[in-house]
Amino acid sequence: MRTPVIAGNWKLFKTIAEAMALVDGLKPLVAGTKGVEIVVAPVFTALSRVAEALADSNIRLAAQDCYWEEEGAFTGEVAPKLLKDAGCSHVIIGHSERRQYFGETDETVNKKTRAAIAAGLTAIVCVGETLAEREAGATFAVVETQISGGLAGLSAASLEQVVIAYEPVWAIGTGKTASDTQAQEVHAFIRSLVAKLFGNSAADAVRILYGGSVKPDNVKGLMAQADIDGALVGGASLKADSFAAIANFGA
Ligand code: 13P
């Protein structure tokens with residue numbers, strides 16, 4: 001059985017004080033939630049303070065990106081071991097916004113993923129097609145390239161430290177969720193691809209999250225799909241009640 005993951009990507013929102021208020025509100029609402037890995041991803045500057053606030057909770061901490069070198073003359077970058085040092089257990093890698101605005105490629109996703117794993121973090125590796133790619137019938141091809149490039153050279157064992165997030169770009173922040181069937185179709189494809197690349201047991205174990213306008217009222221239908229193992233939530237993770245309602249999808 002795969003433990004579901006509900007992760008909140010706060011993107012470029014919230015000061016430290018706002019982040020603290022959000023986790024204070026969230027903690028009691030999910031304190032009783034069992035059998036779900038709950039993760040929040042604040043901005044870098046809030047990580048260590050949020051880590052302290054989460055110390056006595058069942059909520060884990062993620063960063064939204066990392067660099068692949070451990071240290072050196074790389075102004076502005078943050079190494080995976082520093083994320084660990086700040087209290088992170090997870091890091092989001094290759095979000096479509098980084099691909100779109102910051103030049104992230106499958107090659108940099110791969111370097112970052114390897115570095116995150118080596119530092120003992122769980123990498124939440126994001127993939128997903130644009131609307132134009134979907135309309136051109138290229139969804140599977142795009143996702144295949146992103147997965148085989150992003151996870152290139154990893155061992156089947158290290159895949160235990162990888163969570164895949166399928167986020168169709170056209171569904172992010174648009175209020176347009178992929179239908180349960182559309183999402184399931186791609187998730188099943190991703191799992192079969194992981195089986196081809198890393199073997200059946202890695203494919204059975206890997207968690208594949210859906211992201212793109214996940215809300216309290218659509219999470220149940222998505223989670224009922226055989227190959228959807230959780231959600232990567234943007235907008236609805238910025239409020240304690242809506243994120244808690246998503247984390248408590250099984251209640
Ligand atoms: P929304 O939930 O706001 O569509 O964002 C999804 C996302 O990009 C999570 O990483």
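In each ligand, atom 1 is the first atom listed, and ligand 1 is the first ligand listed.
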Need the list: ligand 1 N/O atoms against protein N/O atoms, distance under 3.5 Å, rounded to one decimal.
| from | atom 1 | to | atom 2 | distance (Å) |
| --- | --- | --- | --- | --- |
| ligand 1 | 2 (O) | Ser213 | N | 3.4 |
| ligand 1 | 2 (O) | Gly234 | N | 2.9 |
| ligand 1 | 3 (O) | Gly235 | N | 2.8 |
| ligand 1 | 4 (O) | Gly173 | N | 2.6 |
| ligand 1 | 4 (O) | Ser213 | N | 2.8 |
| ligand 1 | 5 (O) | Lys11 | NZ | 3.3 |
| ligand 1 | 8 (O) | Lys11 | NZ | 2.8 |
| ligand 1 | 8 (O) | His95 | NE2 | 2.8 |
| ligand 1 | 10 (O) | Asn9 | ND2 | 3.0 |
| ligand 1 | 10 (O) | His95 | NE2 | 2.9 |
| ligand 1 | 10 (O) | Glu167 | OE1 | 3.2 |
| ligand 1 | 10 (O) | Glu167 | OE2 | 2.9 |

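Trp170 and Glu129 are linked by a side-chain donor-acceptor pair at a separation below 3.5 angstrom, with hydrogens and angles left out of the test. A donor atom on one side chain and an acceptor atom on the other are not found under 3.5 Å apart for Thr181 and Gln184. There is a side-chain donor-acceptor pair under 3.5 Å between Glu37 and His90. Checked by atom type, the side-chain pair Glu104/Thr108 shows a donor-acceptor distance below 3.5 Å.
Ion pairing of Asp204 with Arg191 is absent here, as no side-chain N (NZ or NE/NH1/NH2) approaches a carboxylate O to less than 4.0 Å. For the pair Lys196 and Glu144, the salt-bridge criterion is met [side-chain N within less than 4.0 Å of a carboxylate O].
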